[in-house]
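Basis for what follows: all heavy atoms, side chains included, without hydrogens, waters or symmetry-related copies.
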Amino acid sequence: MAKTDDLILFAQVVEEGSFSKVAELNSLTNSVVSKRIKRLEADLGVQLLYRTTRKLTVSEAGKVLYQGAKNVKQAALEAIDAVYGYSESVTGHLKMSVPSISGDLVLAGAVAEFCSMHPGLTVDMSLENAFVDPVGDGYDLVIRTGYLADSSLIARHIIDSQWVICAAPAYIKCFGKPMTPEDLVNHNCLQYAYQTTGASEWEFKGINGNYIVKIAGNFSTDNATALRKAALGGHGLAYVPRCLVYPDLLKGDLLDIFPERVGKKLGIYAVYPFTRQPPLKIRMLIEHIRERYLAISEYF
């Protein structure tokens, strides 16, 4: 019967295309790798690889075996990963960056709580909306709204953030309520300058998919708190993440103008530099943060 470790070694040989590379990866000699592949072939009674001085070619039988062997290899890696962190302690220092709205709403308390739970850990948390470079800027963990497609980073989804259009009752009383998204061109629209789709391009759900309405207004800011205060003051309509104004909507200090029509929904992600196995403290902090977001999921 074929040995499991020989199957894993065979999968490595197919993936690397070289006995010498696999030997180096496993701190073995070329001859040991060759003998173990020959032993596997003998156990199975088929030739798996054709070897020449220039290259390795996988036989048809080898291709079939590889499909199962790579699953064995992956299962072994996952089993090792599952217990990898048990010997680690949650100590040391972490540098992280979080967006301002989530920082104020949930993350400041959640991260401070995590530090209290693990006395040997210190965290330096920056609140900023610009996407920092985790590797270049030395961040261990970044919480961001919107996914950055970068193969050198891992992004774990935490929760989705729905946006709303809101205004104070005083504004509606004075200027009327827009009945359709297209009516917004006749209203003062307060602009949140830090948006991926642009401050003056508001997204809506339509019959044939999402579409954009181009708006205008007399006030723009890159600060979410300032935008909320301008909306509460009755100075115009604001297009913002619901979590920013959720308590105001509950109290009636702001009104949700198009509760079923706003098309913008962005994922909130925990982003960190790529490693096959992130440190235990990173994994535990992400899980702690995720639980705190989900505990107030109605905000989002």
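Distance check, rounded to the nearest 0.5 Å: CZ of R36 to CD1 of I8 gives 9.0 Å. The distance from atom CG of N186 to atom CD1 of I215, rounded to the nearest 0.5 Å, is 12.5 Å. Put simply, SG on C166 and CG on L237 are 8.0 Å apart, with the number rounded to the nearest 0.5 Å. Residue L184 holds its CG atom at 5.0 Å from SG of C189, rounded to the nearest 0.5 Å. Distance CD1/I268 to SG/C243: 6.0 Å, rounded to 0.5 Å. Taken to the nearest 0.5 Å, the CD1 atom of I159 stands 5.5 Å off from the CZ atom of F300.
Side-chain contact, R144 with S97: a donor N or O sits under 3.5 Å from an acceptor N or O. With no hydrogens or angles considered, no side-chain donor-acceptor pair links S59 and Q47 at under 3.5 Å.
Ionic pairing of E287 and R290 is present here: one or more N-O contacts between side-chain nitrogen and carboxylate oxygen are shorter than 4.0 angstrom. Here K265 does not pair with E203 in a salt bridge; the nearest charged N to carboxylate O distance is not below 4.0 Å. Between K63 and E60 there is a salt bridge, since a side-chain N of the basic residue sits under 4.0 Å from a carboxylate O of the acidic one. Between D124 and K95, no side-chain nitrogen of the basic residue sits less than 4.0 Å from a carboxylate oxygen of the acidic one, so the salt-bridge criterion is not met.
Residues L127 and V98 form a side-chain contact, since some pair of their non-hydrogen atoms from C-beta on lies under 4.5 Å apart. Looking at Y239 and V213, their side chains never come closer than 4.5 Å, going by heavy atoms from C-beta outward. The shortest distance between side-chain heavy atoms of K177 and L255 does not fall below 4.5 Å. Residues P259 and V164 fail the side-chain proximity criterion, which asks for heavy atoms closer than 4.5 Å. In this structure the side chain of I289 reaches within 4.5 angstrom of the side chain of L285, judged on heavy atoms. H118 is not listed as a side-chain neighbour of K281, based on a closest heavy-atom distance of 4.5 Å or more.
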Could you go step by step and tell me if I296 and Y246 meet the side chain to side chain contact (heavy atoms under 4.5 Å, CB included) rule?
CA-CA 11 Å; I296 58 166; Y246 183 73; over 6 Å; no
Side chain to side chain contact (heavy atoms under 4.5 Å, CB included) evaluation trace for L65 with V58:
CA-CA 10 Å; L65 182 66; V58 185; over 6 Å; no
Hey, mind stepping through L141 and L94 against side chain to side chain contact (heavy atoms under 4.5 Å, CB included) and telling me if it holds?
CA-CA 8 Å; L141 179 63; L94 289 175; over 6 Å; no
Go through it in stages, so that I can follow the logic: the residues are V14 and K70, the test is side chain to side chain contact (heavy atoms under 4.5 Å, CB included), and I'd like the CA-CA distance, side-chain angles, deciding distance and then a yes or no.
CA-CA 9 Å; V14 173; K70 70 177 180 180; over 6 Å; no
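Not one N or O on the side chain of N30 forms a donor-acceptor pair closer than 3.5 Å with the backbone of A23. D140 places no side-chain N or O within donor-acceptor distance of the main-chain N or O of I282, the cut-off being under 3.5 Å.
Here the shortest heavy-atom pairing between L56 and S18 reads CD1-N, 3.9 Å. Across all their heavy atoms, A199 and Y192 have their closest contact at CB-O, 3.3 Å. Between Q191 and S200, the shortest heavy-atom contact is OE1-CB, 3.7 Å. Of all the heavy atoms in E41 and L49, the pair that sits closest is OE2-N, 3.2 Å. Residue A155 comes nearest to V271 through the heavy atom pair CB-CG2, 4.1 Å, listed as atom of the first residue, atom of the second, then distance. Smallest separation of non-hydrogen atoms from F175 and H187: O-CE1, 3.6 Å.
Between F204 and F258, the ring planes lie perpendicular to each other; the angle is over 60°, past the 30° to 60° tilted range. Taking the six-membered ring where the residue is Trp, Y269 and H157 present perpendicular rings, their angle passing 60° and hence far from 30°. Between Y66 and F10, the angle of the ring planes goes over 60°, which puts this pair in the perpendicular group of the 30/60° scheme.
Transitive grouping of hydrophobic side chains (ILVMFWY, heavy atoms separated by less than 4.5 Å) keeps L25 and L28 in distinct clusters. Cluster membership for V22 and Y50, using ILVMFWY side-chain heavy atoms within less than 4.5 angstrom, is not shared. Taking hydrophobic clusters as Ile, Leu, Val, Met, Phe, Trp and Tyr residues chained together by side-chain heavy-atom distances below 4.5 Å, L250 shares a cluster with V106. Cluster annotation: V13 is not connected to V64 through the hydrophobic network of ILVMFWY side chains, with a link wherever side-chain heavy atoms come within less than 4.5 Å. Cluster annotation: L107 is not connected to M117 through the hydrophobic network of ILVMFWY side chains, with a link wherever side-chain heavy atoms come within less than 4.5 Å.
When N223, D248, T221 are each tested for a side chain to side chain donor-acceptor pair (under 3.5 Å) with R228, only one passes: D248.
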